[in-house]
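Computation of the quantities below employed the complete heavy-atom set of this structure, encompassing side-chain atoms and omitting hydrogens, waters and symmetry-equivalent molecules.
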Amino acid sequence: MCQSNALQGPDLHTGKWLRSGNGGSSSCAGDPQPQLESPGPAGSAGGTPNRRARFRLQFPQLALRRRLGQLSCMSRPALKLRSWPLTILYYLLPFGALKPLTRVGWRPVSRVALYKSVPTRLLSRAWGRLNQVELPTWLRKPVYSLYIWTFGVNMKEAAVEDLHHYRNLSEFFRRKLKPQARPVCCVHSVISPSDGKILNFGQVKNCEVEQVKGVTYSLESFLGPRISTEDLRFSEVPPGNSFQQQLVTKEGNELYHCVIYLAPGDYHCFHSPTDWRVSHRRHFPGSLMSVNPGVARWIKELFCHNERVVLTGDWKHGFFSLTAVGATNVGSIRIYFDQDLHTNSPRYSKGSYNDFSFISNNNKEGIPMRKGEHLGEFNLGSTIVLIFEAPKDFKFHLKAGQKIRFGEALGSL
């Protein structure tokens, strides 16, 4: 006579194995009894778990897997919303406290995606408003002294050293320098347009520019489509050439670039790096992520994502451009001769840009700029990118990572 005592499988709530009937096993007289410690594969038909498998099942992974399965059935926005708190804890908690979750199917949102989700434009506008708030006279010196100590500002170079003179943070950030503080180099053809740190420089190769060592971005994505020849003095370039070749207007010339990072403690105005003519302005609304060198190594094509103002024109050797790249807490980018420019607007279309030509029927020359002349300013530290055409014997007098000040030589022929 046979008795029913078959194993049914694990309980999803407790992880324990259940038996059917009255707790016996299905066997007839003479049949061998099932061995509970048999080494057969766990979960197979008629098989039983060994000690290691039973221990694994007793660990509350089944409930966790079931919960993660419910998350996978959610819509993408809802899933992202539910994953962010865990992701933040995953990156913040020490010793990999939440790393075991990755072994049961959960994957954290990437650091880049998490950072891009931060409302940097809103924060930057709020910071810009805060900068405009007039500080009480008694509070100005403590606030500015803390900033000076934190970022190493040299107030001996400021035109006005008295901290009580600056009514708000914005005025303090945009302080003017003494005339003798930044002598302009007259010997070399291209000077630094601002104080800062040299992130990268050299020839443009394969239509790509290095934002920092080993991390590149597309030249065309950064500058946008080529400007119509009505704004340039040079002849039409055959359309079959690459974007880089279209920018080089004279035979035997090369395209060069230089990236200068302005830290919060640096002088925030920027100047004309050479004698040139500005013919066109292109404004790209975009993100306002930090342009700190550490972040620049982290996010590919960072400069193409961020808001920027591209000034293009020509100098004695051909094409020349200066791009002011926005960053977190940079409430605005200001160009002194362009009153129509408005940056960090509340709404914009991703990937859009707007153009403005300084050449008209009444002005065939555009905006002439002299070397060292005031050009614009940031509300806080950011980045200047120079891309220009020059003969092959042009040489930079720089080292990557070096500190540089406005007026010092970048390179010459």
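- Among residues two or more places apart in sequence or in another chain, the side chain to side chain donor-acceptor pair (under 3.5 Å) test is passed with Arg405 by Glu157.
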Handout entry: Ser412 vs His397, side-chain hydrogen bond (donor to acceptor under 3.5 Å, both in side chains): CA-CA, chis, key distance, verdict
Key = CA-CA 8 Å; Ser412 62; His397 306 296; 3.0 Å; yes
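- Residues Val184 and Ile191 are in side-chain contact: their nearest non-hydrogen atoms beyond the backbone lie under 4.5 Å apart.
- Counting only heavy atoms from C-beta outward, the side chains of Leu386 and Pro193 approach each other to under 4.5 Å.
- Taking 4.5 Å as the limit, every side-chain heavy atom of Ser279 sits out of range of all side-chain heavy atoms of Phe358.
- Of all non-hydrogen atoms in Ile333 and Gly326, the two that sit nearest each other are CD1-N, 3.7 Å.
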Practice task
Show your reasoning for whether salt bridge (charged side-chain N to carboxylate O under 4.0 Å, His left out) applies to Lys178 and Glu161.
Solution key: CA-CA 10 Å; Lys178 295 174 181 176; Glu161 296 185 35; 2.8 Å; yes
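- Note that CG of Asp314 and CZ of Arg277 are 4.5 Å apart. Values are rounded to the nearest 0.5 Å.
- Under the rule for a side-chain contact (heavy atoms from CB on, under 4.5 Å), the partners of Ala263 that lie at least two apart in sequence or sit in another chain are Tyr261, Asp266.
- Side-chain atoms of Glu210 and Tyr217 form no donor-acceptor pair, as typed in the model, at a separation below 3.5 Å.
- Annotation: side chain of Val309 is not in contact with side chain of Phe284 (no heavy-atom distance under 4.5 Å).
- With sequence neighbours excluded, the residues forming a side-chain contact (heavy atoms from CB on, under 4.5 Å) with Arg370 are Asp275, Glu373, listed by chain and number.
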Exercise for the section: Could you walk me through whether His374 and His271 pass side-chain contact (heavy atoms from CB on, under 4.5 Å), step by step? Expected result: CA-CA 5 Å; His374 278 82; His271 301 248; 3.3 Å; yes
Practice task
Walk me through it: do Ile260 and Lys197 pass the test side-chain contact (heavy atoms from CB on, under 4.5 Å)?
Solution key: CA-CA 5 Å; Ile260 305 172; Lys197 178 181 179 181; over 6 Å; no
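- Qualifying side-chain contact (heavy atoms from CB on, under 4.5 Å) partners for His342, counting only residues two or more places apart in sequence or in other chains: none.
- Side-chain rings of Tyr166 and Phe173 stay apart, their centers remaining 6.0 Å or farther from each other.
- By the side chain to side chain donor-acceptor pair (under 3.5 Å) test, Asp162 pairs with His164, sequence neighbours left out.
- Ring planes of Phe320 and Trp276: tilted class, angle from 30 to 60°.
- Residues Asp355 and Tyr353 meet the side-chain proximity criterion, which asks for heavy atoms closer than 4.5 Å.
- Side-chain contact, Glu389 with Thr249: a donor N or O sits under 3.5 Å from an acceptor N or O.
- Not counting sequence neighbours, the partners of Glu254 by the side-chain contact (heavy atoms from CB on, under 4.5 Å) test are Gln203, Tyr256, Lys392.
- Checked against a 6.0 Å centroid threshold, the rings of Phe388 and Phe394 count as neighbours.
- If you take CG on Leu135 and CG on Leu163, they are separated by 11.5 Å, rounding to the nearest 0.5 Å.
- Taking the six-membered ring where tryptophan is involved, the planes of Trp315 and His317 are perpendicular, since the angle between them exceeds 60° and thus also 30°.
- Taking the six-membered ring where the residue is Trp, the centroids of Phe378 and Phe270 are separated by under 6.0 Å.
- Taking the charged nitrogens against the carboxylate oxygens, Arg167 and Glu134 have no contact shorter than 4.0 Å, which rules out a salt bridge.
- A salt bridge does not link Arg182 to Glu408: none of the charged side-chain nitrogens sits closer than 4.0 Å to a carboxylate oxygen.
- Using a 4.5 Å cut-off on side-chain heavy atoms (C-beta onward), Val310 and Arg281 make no contact.
- Considering only heavy atoms from C-beta on, His268 stays 4.5 Å or farther from Ser170 through its side chain.
- In plain terms, the two heavy atoms of Ile384 and Ser194 that are nearest each other are CG1-OG, 4.1 Å.
- In this structure, Arg175 forms a cation-pi arrangement with Phe172, its terminal cationic atom sitting closer than 6.0 Å to the ring centre and no more than 45° off the ring axis.
- A 4.5 Å side-chain heavy-atom check between Val209 and Phe303 finds every atom pair outside the cut-off.
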